[in-house]
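Computed over heavy atoms, backbone and side chain alike; hydrogens, waters and symmetry mates excluded. Just so it is clear, the structure is predicted and the values come from calculations on it, not from any experiment. First the proteins, then the strands, lettered A, B, ... as listed; each starts at 1.
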There are 2 protein chains.
Amino acid sequence: MGATKHEIFHDQINEEAAIFNALGHPARLAIVKTLLTYKTCVGNYLTHEIPLSQPTISQHLKVLKNVGIIQGTIEGKSVCYCLNHSLIERLRVFVGDMLIQYDLHQTNCNC
Amino acid sequence: MGATKHEIFHDQINEEAAIFNALGHPARLAIVKTLLTYKTCVGNYLTHEIPLSQPTISQHLKVLKNVGIIQGTIEGKSVCYCLNHSLIERLRVFVGDMLIQYDLHQTNCNC
DNA sequence: TTGTCATATTGTAATATTGCAATATTACAA
DNA sequence: TTGTAATATTGCAATATTACAATATGACAA
């Protein structure tokens, strides 16, 4: 006990949950929103934009990278981050399917 | 240190992160998917469908309820759960906005 | 080289999460 | 009433997460 029992769930649901989980921290969501606004962004900008220490920001960037939401390119002394196209596409499809499925039974929900 | 510093973020981003966070566990995502498939669902069904103990399922249902993703209606000895319309709508808007903003700068990303 | 800037890593303390056994609680049926 | 079924709550152990100081690494500039 204590840790999530990933082994009892399908790989797909574990992966989807990991994506939502990565977006489920305000600092990481702030990073994603910054990348949505500015398209690309160097790590140091985030360190000055978000009032958390540099190691903490670095750690959050790692989480986002690990699930594939962002990618980083080394540019001299800096790392330039941007959103990962295929991951965004996957989120689009997942939420899209979810909403279609939801709409299908909106006529007679009795809760 | 140790706990998330919610106070340094806007309420909105904290709330959105809380929603993603609630979806960020395979058991909770499985519950949401079950509700998408069957529209409504009694708690006991989930307890037999997902191989986790009854208290654990109950706790996950509480997390989903707290952020407003699901709602439960008492029906005799059971509780009938369904997805919360306004929350789903909020997720639709958020992801929609996100994707629109993302599409706007897809022509010249150089990462 | 040496210094400095941007980033990553490591170690660690504080806190949160996950999961379950045991135990309520509540509603109904016999 | 008594029993039982469905759910919630409590307490606790195991584990994960968050944040940061200290330190390492790598790139560039003087």
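- With D/dA8, C/dG19, D/dA19 as the candidates, the nucleotide lying closest to the side chain of B/H60 is C/dG19.
- Qualifying side-chain hydrogen bond (donor to acceptor under 3.5 Å, both in side chains) partners for A/T4, counting only residues two or more places apart in sequence or in other chains: B/H25.
- Between B/F20 and B/L91, the closest side-chain pair of non-hydrogen atoms falls below 4.5 Å.
- Remark: B/I74 pairs with B/V79 by the side-chain contact (heavy atoms from CB on, under 4.5 Å) rule, at least two apart or across chains.
- For A/N44 and C/dT7, the shortest distance from a side-chain N or O to OP1 or OP2 is below 4.0 Å.
- When the side-chain hydrogen bond (donor to acceptor under 3.5 Å, both in side chains) test is applied to A/T56, the partners found at least two apart in sequence or on another chain are A/S53.
- Toward the 5' end of DNA chain C, the nearer of the two residues A/L61 and A/H6, judged by each one's closest nucleotide, is A/L61.
- Annotation: A/Q12, atom CD; neighbour count of heavy atoms from other residues, nucleotides and ligands within 6.0 Å does not exceed 12.
- Listed by residue number, the members of residues 16-23 of chain B with any heavy atom below 4.0 angstrom from DNA chain C form an empty set.
- Scanning for side-chain hydrogen bond (donor to acceptor under 3.5 Å, both in side chains) contacts around B/Q59 gives an empty result, with sequence neighbours left out.
- Overall, the helix from C/dT1-D/dA30 to C/dA30-D/dT1 carries an axis bend of 10° between its ends, with five pairs at each end and the value rounded to 10°.
- Map A/Y45 and A/I8 each onto its nearest nucleotide of DNA chain C; the residue landing nearer the 5' end is A/Y45.
- Listed by chain and residue number, nothing satisfies the side-chain contact (heavy atoms from CB on, under 4.5 Å) test with B/H10 (two or more places apart in sequence, or in another chain).
- Remark: B/L61 pairs with B/I31, B/L46, B/I57, B/I70, B/Y81 by the side-chain contact (heavy atoms from CB on, under 4.5 Å) rule, at least two apart or across chains.
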Please list each protein N or O that sits under 3.5 Å from an N or O in nucleotides 24-28 of chain D, with the distance.
none

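- For A/K5, counting side-chain heavy atoms from C-beta on, the closest listed nucleotide (C/dC20, D/dA6, C/dT18) is C/dC20.
- Every residue meeting the side-chain contact (heavy atoms from CB on, under 4.5 Å) condition with B/E49, not counting sequence neighbours, appears here in chain and number order: B/Y45.
- Within 6.0 Å of NZ in A/K33 there are more than 12 heavy atoms belonging to other residues, nucleotides or ligands.
- A search for side-chain hydrogen bond (donor to acceptor under 3.5 Å, both in side chains) contacts involving A/N14 returns A/H6, not counting sequence neighbours.
- Among the nucleotides D/dA19, D/dT7, C/dC20, the one closest to any side-chain atom of B/Q59 is C/dC20.
- For A/T4, whose side chain is taken as the heavy atoms from C-beta onward, the closest listed nucleotide among C/dT7, D/dC20, C/dT18 is C/dT18.
- Side chain of A/N84 to backbone of A/G68: a donor-acceptor contact under 3.5 angstrom is found.
- Residues from residues 46-58 of chain A placing a heavy atom under 4.0 Å of any atom in DNA chain D, listed by number, are A/L52, A/S53, A/P55, A/T56.
- One finds no side-chain N or O of B/K62 lying less than 4.0 angstrom from the OP1 or OP2 phosphate oxygen of D/dT7.
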